[in-house]
Amino acid sequence: MTDMMNNKHVRVVVRTRPTTRFASQAIEIIPDKNIVNIHVPKPEDAGFINNQQSDWSFKFDKLLHNVSQDAVYEECGTPIVRSLLDGYNGTLLAYGQTGAGKTFTMTGATENYRHRGMIPRAISQVFKEIQARPQYAYTIRISYLEIYNENMIDLLAPVGQSADMAVVEDKNGCYVKGLSQVIATNEEETLNLLFEGETARSVGDHALNRSSSRSHTVFTIHLESKSRVDSSDDVIFSKLNLVDLAGSERLAKTASSGKTLKEAMFINKSLTFLEQVIIALADKKRDHVPYRQSRLTNVLRDSLGGNCNTLMIANIWGEADHLEETISTLRFATRMSCVTNEPVVNVQYDPMTLVKKQEREIKELRQELAMYDTLIGRSHVQYEPFTDGQKAELAKRVRAWFDGTDDEIEIVTLRQVKEIMNVFKGMYLQWAQGGDRCELPKAGGATGPATAGGMERDISAALEEEDGVGETEGMGFSIGVAPVSGPNGRRKVINKKAPPAAKKEPFVPNAASRQSSTSFVYGSSPAPTTGTTGSGGDDAGHSPGGSPEVQGASRFGDQGAMGPVGIPALQPLPPIPARAKPDRNEEFETFKRGPGKDLAQALIENKRILRDKKRALVDLTARVTTLKASITDLKTAVARDRDQALQADTEHDPALYSAPIPADVQAKLDSLATLKADAKRHLEAVAQTKSELEYAARVVDTCRERLVREFDAWYLQVYCDAPAPAGVGEARPTSVAERRTAAAAAAAAVAGMTTDASVADPLDLAEQFDLMLNDKLMEDPASYSYYAALKRRQRRGAKPQARTLM
Ligand SMILES: Nc1ncnc2c1ncn2[C@@H]1O[C@H](COP(=O)(O)OP(=O)(O)OP(=O)(O)O)[C@@H](O)[C@H]1O
C-alpha cells in the first residue's frame with residue numbers, strides 16, 4: 001500500500017466495469033504492470049494515407065480489473081482515510097463515462113452490503129479509527145453538495161431552507177459558504193445523512209443508463225481533532241471530499257434532447273473546464289489555473305493540486321461501443337497523474353481554548369492584584385464591573401461633589417474613573433435633551449436637582465448683574481452659533497460657592513429660547529437688525545445663511561474638546577446691547593471683503609478645485625461604466641463562441657481542445673485584454689481623483705471653519721469688546737467706538753459691491769448630493785445611471801413649477 005503522505009502526485013487508479021462483452025481484441029489489460037494497451041484498427045475506407053492514431057498505451061498507479069468493492073476500497077479508500085485521521089485533507093474522485101460505474105464505486109449498490117461503495121466504507125473506517133485513538137477528541141461534520149447545471153444545491157439543508165452559497169477561500173483553504181455542515185456522532189447518523197442526501201439528488205433518465213446521475217456531488221467529512229493528552233491548544237482540521245462526477249458522454253450517443261441535452265451540455269462544459277484545470281496544474285510553467293471557470297473546479301480548487309492527498313478512480317467500460325470514451329477517460333487520467341500535490345497537516349489554534357486561557361489569566365491577575373492591595377493597605381478596591389447599586393451610590397457622591405457638600409472624590413481605580421465619567425455623561429445628556437427636571441445640581445449648593453432652565457436663569461442673572469443688560473440671545477443666526485453645550489471655551493466658570501444667580505430675580509427667556517432646548521451663547525441673531533444701523537428686533541427665526549456645515553463648524557470647532565465636566569460651570573459672554581446689534585449675516589459679508597478677504601478668496605479657489613475634481617470624477621466613473629459594459633458584451637460574445645464550438649463537438653473530440661483558437665475569437669480576446677487594461681487604468685485614475693477630491697473637500701472645510709472662526713473673533717472684538725484671540729486679526733482699532741466705526745465703514749463699502757454667490761453660499765444641497773453621488777459611484781460604478789436618475793428626480797422635485805409652466 002502506498003504511503004499517502006509521501007505521495008507527491010495525484011494517484012490514479014483505473015477500474016473496469018465487469019462485462020461479458022469485453023473488447024479483448026482492442027483492449028489489453030496487464031494488471032501486474034498496471035498497463036492498459038488499446039489498439040483500434042484503422043478504418044479501411046479512410047484512404048491510403050491515414051495518420052490517425054490507432055495504438056495507445058497507458059500506465060497508472062493501479063489497475064483494478066473486475067475487482068470487488070472491498071479490493072477497490074482497500075486500494076483507494078483505506079490509506080486516504082487513515083491520512084484524514086492524521087490531519088491531512090483528502091479527495092477521492094470518480095471520473096468516467098456514463099454507466100462506467102462511478103456511482104457504483106462511490107456510493108455502491110444499496111441492496112447488497114458487500115456492494116456498498118467508497119463513501120459508506122470511508123464513514124465506517126472513520127469511526128473505527130476514532131475508537132482506536134482515544135487520546136484524541138474528534139468532532140465530525142458532514143456536508144453534501146450537488147452541482148447541477150452550474151447551480152449549487154445543499155443536499156442536507158432542511159427543505160425550503162437552502163441558503164445562498166458561494167465558494168470562499170481564506171488562509172485555511174477553500175469552503176462553500178452557506179453550505180450546511182451537520183454534526184454526526186456515529187456511523188449510523190452519518191449514513192443517514194448520506195442517504196438523506198442521496199434521495200434529494202437530481203436523477204435523470206436517458207438512453208444509456210436509466211438511473212444516471214446528471215450532476216456532480218461532493219460528500220465531505222470534516223474532521224476536527226484535539227489531543228486529550230497534551231496541553232497544546234492546537235486543533236487539527238482535515239476534510240475528505242468524496243466526489244462523484246457526472247458522466248462524460250457524447251450528446252449524439254445518449255440521444256439527449258431538451259432538458260437532458262441542456263444537462264449534458266453543462267456536464268460536458270464543466271468536465272472540459274476540469275480538464276483545463278488539470279492541464280494547467282500539470283504544466284509547471286503555467287502560473288494561472290482557471291479554477292473560476294466552473295462551479296466544480298472552484299469548489300475543488302484546494303482538492304486538485306492543493307495540499308491534500310488526491311486520488312482519482314478512472315472508471316472505464318471496456319466494450320467495443322465505448323472505445324472512444326475509454327480512450328478519452330484514460331487520456332484524462334494520464335493528465336491527472338501529472339498533477340502534483342503537497343499534503344500538509346492543517347493545524348489551527350482553537351479560539352475557544354484561547355478565550356478560556358485568557359479568562360484563566362485574568363482571574364489569576366485579579367487575585368494577584370487583590371493580594372497586592374491588601375499588602376499596601378488598600379481595601380475595598382473595586383475591579384469588577386460596578387453593580388447598579390454601586391453606580392447609584394457613585395452618582396450620589398458626584399452630585400454631592402457638585403453641591404459642594406463633598407470636597408473630593410477619591411480616585412482609586414481606572415474603572416471608578418470610567419464610572420464617574422459615565423455619571424457625568426448621563427447628567428450631561430439629560431440636561432442637553434432639556435428634560436424638565438435635570439439631574440444637574442443647582443449652582444450654589446442648593447440641594448436637590450435643579451432644572452436646566454433654572455441653571456440658565458442663574459447664569460443670565462449673573463450676567464445681568466455684571467453688565468447691567470439683561471437680554472438673552474435667541475437662536476437663529478447660523479454663523480458662529482454655539483450652543484451652551486458647545487465646546488467653545490468662551491465661558492466663565494461659575495463660582496460654586498457664591499453663585500450670583502441666588503441673589504437675582506429669575507430670568508424669563510424670550511420665545512426663541514423657550515422653543516429650543518438649546519440656547520446659544522453668542523453669535524445668535526435673534527433680531528432682523530441691520531448691522532450698525534442698530535434697529536432692534538425679536539424675530540429669532542430671521543437668520544439667512546443657515547448652512548448646516550457652518551453651524552457644524554462652529555459647534556464642533558477646534559477651540560477645545562467638548563467635555564461634560566465643564567458644562568455646569570459655563571457662562572455666556574456678554575450679549576450685545578439690542579440697539580447696537582448689527583445683522584451678523586451682513587457683517588459676515590463685510591468681513592469677507594475686509595479683514596477676511598484672503599481667507600474668503602482661498603475658500604472660493606478651493607471650492608473651484610473641489611468642483612473640478614468632482615466633475616473629473618464623474619467623467620472618469622462614466623468612462624469606467626462604459627468600459628465595463630463593453631467588457632461584459634465581449635465576454636458574452638466569447639462565451640457564445642465557446643458554447644457553439646462545444647455544441648458542434650458532438651463527438652467530444654479531444655483534439656478540439658488543442659486546436660488553435662479561431663482568428664475572430666482571438667481578435668475578441670485581444671480586444672477584451674485591451675479593454676480590461678483600459679478599465680484598470682481608469683479605475684486607478686478614479687481612485688487617485690477620489691483621494692484628491694477628499695483632500696480638496698477637507699481643505700474647503702478647513703478654510704470655511706477658519707473663516708467663520710475668524711469672523712466670530714472679529715465680530716466679538718468689534719461689537720463686544722472681547723479680547724482678540726491669539727493669531728486672529730491684526731492691527732485692529734483699539735476702542736470699541738473705533739472698531740464700530742471701522743465696521744460701519746466696511747459695511748458701507750460692501751453695500752456698493754456685487755455679491756459673490758460662491759462666497760456667500762458654501763456647499764449647497766446639490767453640491768452635497770454630488771459628493772454623496774461620487775461616494776456611491778466609488779462603491780459601485782454600475783450604479784451611475786440609478787443615482788443620476790435620482791439626482792434628476794431631486795432636481796425636478798426642487799423646481800416643480802418648471803414643468804407645470806411649460
Ligand atoms: N464494478 C461493478 N460491478 C457491478 N456492477 C457495476 C459495476 N460498475 C457498474 N455497475 C453497474 O452498472 C450500472 C451503471 O453504473 P453507475 O450508475 O455506477 O454508472 P455511472 O458511471 O455512475 O453513471 P452516470 O455517470 O450516469 O452516473 C449500475 O447498474 C451498476 O450497478
Side-chain angles (χ1 to χ4, degrees), residues 13-22 27 29 31 62-77 92-121 144 146-149 153 155 194 197-219 242-251 253-256 259-272 274-275 296 312-319 321-322 324-326 328-330 332-333 652:
V13 173
V14 172
R15 182 185 196 187
T16 56
R17 172 180 165 172
T19 171
T20 49
R21 297 192 296 148
F22 190 78
I27 305 172
I29 303 276
K62 191 74 189 171
L63 192 55
L64 301 171
H65 183 44
N66 293 344
V67 299
S68 67
Q69 296 279 65
D70 267 349
V72 178
Y73 187 73
E74 189 59 20
E75 180 61 38
C76 309
L92 213 161
L93 68 159
Y95 178 91
Q97 75 168 104
T98 295
K102 298 180 297 295
T103 307
F104 183 81
T105 301
M106 294 310 291
T107 313
T110 39
E111 54 280 0
N112 190 330
Y113 182 68
R114 278 195 305 121
H115 290 167
R116 73 196 188 286
M118 302 293 109
I119 302 177
R121 285 166 194 266
Y144 203 179
E146 178 179 37
I147 302 171
Y148 175 71
N149 287 3
I153 300 151
L155 293 177
L194 169 69
E198 280 301 305
T199 47
R201 194 175 169 187
S202 302
V203 173
D205 291 339
H206 66 77
L208 274 184
N209 176 7
R210 291 199 61 79
S211 61
S212 174
S213 45
R214 315 304 310 131
S215 55
H216 311 292
T217 56
V218 185
F219 183 90
L242 297 147
V243 187
D244 186 356
L245 297 169
S248 54
E249 65 225 3
R250 291 181 295 158
L251 304 187
K253 200 169 181 179
T254 55
S256 300
K259 179 178 169 231
T260 324
L261 174 69
K262 191 177 162 205
E263 286 172 343
M265 279 166 55
F266 270 113
I267 294 165
N268 273 2
K269 214 161 141 184
S270 63
L271 291 175
T272 302
L274 177 65
E275 191 161 1
L296 178 69
M312 187 178 104
I313 302 176
N315 292 90
I316 55 170
W317 193 355
E319 293 182 359
D321 282 353
H322 308 300
E324 273 179 58
E325 285 82 0
T326 302
S328 170
T329 301
L330 295 178
F332 180 81
H652 198 50

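Below, each value reflects all heavy atoms present in this structure, side chains not excepted, and no hydrogens, waters or symmetry copies. Order of listing sets the numbers, starting from 1, for every ligand and every atom in it. Quick note: residue numbers are just sequence positions, from 1.
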Exercise. With the side chain counted from C-beta on, respond yes when Trp317 and Glu325 share a heavy-atom pair under 4.5 Å apart, and no when they do not.
Key: no

Quiz item: Backbone or side chain, does any N or O of Phe104 fall under 3.5 Å from an N or O of ligand 1?
Solution: yes

Quiz item: What pairs with Phe104 under ring pair (Phe, Tyr, Trp, His ring centres under 6.0 Å), at least two apart in sequence or on another chain?
Solution: His115

Quiz item: Among Thr103, Thr105, Thr16, which one satisfies side-chain hydrogen bond (donor to acceptor under 3.5 Å, both in side chains) with Asn315?
Solution: Thr105

Self-check item: Check: Ala100 N/O within less than 3.5 Å of ligand 1 N/O
Solution: yes

Quiz item: Looking at Ile27 and Gly318, what are the two nearest heavy atoms and their distance?
Solution: CD1-CA, 3.8 Å

Practice problem: Say whether Gln97 and ligand 1 are in contact under the criterion: heavy-atom distance to a ligand atom below 4.0 Å. | Solution: yes

Quiz item: Do any N/O atoms on Arg17 end up under 3.5 angstrom from N/O atoms on ligand 1?
Solution: yes

Quiz item: Purely on distance, is any nitrogen or oxygen of Lys102 under 3.5 Å from one on ligand 1?
Solution: yes

Quiz item: Does an N or O from Pro18, backbone or side chain, lie closer than 3.5 Å to an N or O of ligand 1?
Solution: no

Quiz prompt | Proximal candidate to atom 19 (O) of ligand 1 [heavy atom criterion; set Gly96, Ala109, Gly108, Gly101] | solution = Gly101

Quiz item: Under 3.5 Å, N or O to N or O, is Thr103 touching ligand 1 that way?
Solution: yes

Quiz item: Considering only heavy atoms, does Arg15 approach ligand 1 within less than 4.0 Å through its side chain, its backbone, both, or neither?
Solution: side chain

Quiz item: Under 3.5 Å, is there a donor-acceptor pair between the side chain of Arg121 and the main chain of Arg116?
Solution: yes

Quiz item: What are the atoms of ligand 1, with element, lying closer than 4.0 Å to any heavy atom of Gly247?
Solution: 25 (O)

Quiz item: Any sub-3.5 Å donor-acceptor pair from Arg15's side-chain atoms to Ile313's backbone N or O?
Solution: no

Exercise. Could you tell me whether some N/O pair between Val67 and ligand 1 is separated by less than 3.5 angstrom?
Key: no

Exercise. Using salt bridge (charged side-chain N to carboxylate O under 4.0 Å, His left out) as the criterion, list what pairs up with Arg21, not counting sequence neighbours.
Key: Glu319

Exercise. Apply side-chain contact (heavy atoms from CB on, under 4.5 Å) to the pair Leu245 and Leu296, showing each step before the final yes or no.
Key: CA-CA 9 Å; Leu245 297 169; Leu296 178 69; 3.7 Å; yes

